[in-house]
2 protein chains.
Amino acid sequence: MQLDERSKKVLKAVILSYIKTALPIGSRSITERFDFGVGSATIRNIMSDLEEGGFLTHPHTSAGRIPTEKGYRFYVDTLFEEEAFLNNKNSIMMEAEQLVQREDASLLLQDTSRLLSDLTHYMAVVTAPKIATAHIRHIEFIRLRANCIMAITVSEAGFVQNKFFDLAKDISQKSLNDISDYLNNFYQGMTLQGIREKLMTQMEKIEDLYDHLQTEAFELTKYAVGDMMEGESGELYTDGATHIFDLPDFSDRKIMKGLLEAVKEKQSVIQLLDKYIGSKGVQVFIGSENRFLGNHGFSLVVSQYKRGDRVLGALGVIGPTRMDYSKVIPLVDSAAKQVSRLLEDLS
Amino acid sequence: MQLDERSKKVLKAVILSYIKTALPIGSRSITERFDFGVGSATIRNIMSDLEEGGFLTHPHTSAGRIPTEKGYRFYVDTLFEEEAFLNNKNSIMMEAEQLVQREDASLLLQDTSRLLSDLTHYMAVVTAPKIATAHIRHIEFIRLRANCIMAITVSEAGFVQNKFFDLAKDISQKSLNDISDYLNNFYQGMTLQGIREKLMTQMEKIEDLYDHLQTEAFELTKYAVGDMMEGESGELYTDGATHIFDLPDFSDRKIMKGLLEAVKEKQSVIQLLDKYIGSKGVQVFIGSENRFLGNHGFSLVVSQYKRGDRVLGALGVIGPTRMDYSKVIPLVDSAAKQVSRLLEDLS
DNA sequence: CTTTAGCACTCACTTCTGTAGAGTGCCAGC
DNA sequence: GCTGGCACTCTACAGAAGTGAGTGCTAAAG
């Protein structure tokens, strides 16, 4: 279905109004609040056409119109082409520059989620990279007590993870230090998977002459790496969940509760974000376009951040479907870029 | 003011009813639902007396009575003396035994908060010990990049903390390992404060012959310890915040939002719990007895957990003032004991 | 053919009113 | 001291009526 210029303008007017007030708007109010130079009856006809095209609905016969998801989708898609929208980016990029370097990358992600939620007044979510796929800068083992050790891994991007293991065999701290040194010297910058594979081929090659250290390092690493790689689905940083209380959209407690619980459980949100982690640039998911967001009136604006060519995680904003995309989209975009930039700087 | 047996029974009846239904109850309903063997008019007179004594109120002239904070206080205080209440503990102690050993003590606290909130359907909060006062089992330094290191401390109780430092001088990983070894060998089991002091006197004593290692260890530790001790207010583990959605008590969004935000900020909740960390056994704070809980209808049941004689943190339940104290109090009590027991076992 | 004004109609929201129900307070009698 | 009875109070609920914003349709004007 093709829309002429005027229809687009009317659609946009309805959406803008609904973004602001969350109230249905009628033809009369449109002629009053926006200057189209035509009467309300004309607007009425246009709105009727838009409804037929699936861009608008009305909740009941005598109510004003509200946008459908298709309407939002159209709005968002055309938004990307508009100049005014691109100009908007500049001022918002300034905001993203509030994000500054942190020793610990997870603090940076925390900052990011706070910034996003503060600026949008919606909920922000940021996933941290999975340790399984990270490139390791440093690995360290600490003996906590007999048969129990802790592994600390620091990724190149600056993410730290602690992990606990029960071992069949007790290993002294001294040996652990040696193993750590060995790994750090010869396997730095590789992924856990890579380390494991290299250790394995190493073992096969020099089967009879490998020294004691390598065997232990291998055993430990095999175990530790295996454990680290499975299950762990990375971390989720979130902020601004309570903003949903301020939205008139969600009067239903169940929906609010559902969202908060989903975010608390983290699992489903991480899956949601990671699913689209491959796609380039900012992605917008409107309402039921995504199963997780369901039919509860939520939308998601998400982008990925990276280090070099490597995508590390995703960050985004979850808000009501009637959120102000023209502000949120460039914000998410520049936040993602700023995070990438900052992670890059960590040498 | 003294209450006779019958008045106490009526008060208890009102409270039990209100705990269940959150609805005001009148004299007639009491005679129907409880068997006092007297007419409603008599109950009416008793209730009138109780109101005069400040144990009950009614929201408006022709509504039933509801307990005041003083009423709850009286109820809770007498509860501690009752046999039936103590018997209740046995079944609830079983629940607390669901808590099992975890390599990482913070996981245990996480489990605890989940258990408490699951069993009570209220919100659970658990504070972790401050690293500043913890006895250190192991300390490790990792060089992240030039002039930036990470310190990992493991306390005797099994709590791990990572901390980042920027240093004026760059130290090699090798030196850091030596320093770690040195500290772990000679200062294990002390608090950060203790380590610092001992290092200081050590330096003074053997001023001219201390070796290179000790100087570096001292410098680093002085810096690291100082940084670790200040500001850091420990961690807060929380669960079940969304349960407040299910309570009919809080129809006001602002109150819900306020509570969730307070818990998210953690600071004030930690202060609240730590304030009463010294007091022995279970403590109950009803409504405005505590500033944080304010006049929003919340109460707090809290107890401390320890390792040996040393109090490490506090755990508790935040619920509506009309919460079921006879279940929550013994639960918090036995959870605290179970956590203490499990932390003890960690050798 | 497009646009417009006018008109009848619809539906949610608000206000008002009456009633039922639960509760209180008080009093006289047991 | 306890109780039944009675008048009174206040909420919650339901129906009635009015209001306002909006729609769809139609006929006339541009």
Identify, with sequence neighbours excluded, every residue that meets side-chain contact (heavy atoms from CB on, under 4.5 Å) alongside T127(A). L236(A), I270(A), L273(A), D274(A), A314(A)
Under the salt bridge (Lys or Arg N to Asp or Glu O under 4.0 Å) definition, can you give me all pairs with a residue in residues 55-64 of chain A, not counting sequence neighbours? none
Sequence neighbours excluded, the answer for side chain to side chain donor-acceptor pair (under 3.5 Å) partners of S326(B) is D324(B)
Check: L331(B) and V317(B) side chains under 4.5 Å, non-hydrogen atoms: no
Partners passing side chain to side chain donor-acceptor pair (under 3.5 Å) against T321(B) (at least two apart in sequence or in another chain): S299(B)
Listed by chain and number, what are the side-chain contact (heavy atoms from CB on, under 4.5 Å) partners of S27(A), not counting sequence neighbours? S40(A), I43(A), R44(A), M47(A)
Of all residues at least two apart in sequence or in a different chain, which pass the side-chain contact (heavy atoms from CB on, under 4.5 Å) check with E265(B)? R114(A)
Measure the distance from CD1 on I46(A) to P on dT3(C) and round it to the nearest whole Å. 7 Å
Which angle, to the nearest 10 degrees, lies between the helix axes at the two ends of the helix from dC1(C)-dG30(D) to dC30(C)-dG1(D), each defined by five pairs? 20°
Mind checking ring pair (Phe, Tyr, Trp, His ring centres under 6.0 Å) for H243(A) and listing every partner two or more places apart, or none if nothing turns up? H121(A)
Kindly list each side-chain donor-acceptor pair under 3.5 angstrom involving residues 5-15 of chain B, sequence neighbours excluded, with atom names and distances?
unit_1: S7(B); atom_1: OG; unit_2: D4(B); atom_2: OD1; d: 2.7
unit_1: K12(B); atom_1: NZ; unit_2: E82(B); atom_2: OE1; d: 3.4

Letter by letter from the 5' end, nucleotides 10-26 of chain C scores (B base, S sugar-phosphate only, - none; protein heavy atoms under 4.0 Å) BBS---------BSBBB
So, using side-chain contact (heavy atoms from CB on, under 4.5 Å) as the criterion, who are the partners of I255(B) when residues are at least two apart? F250(B), D252(B), H296(B), F298(B)
On DNA chain D, reading 5' to 3', which nucleotide is the first and which the last to sit with an atom under 4.0 Å from a heavy atom of chain A, could you check? dA21(D) to dG24(D)
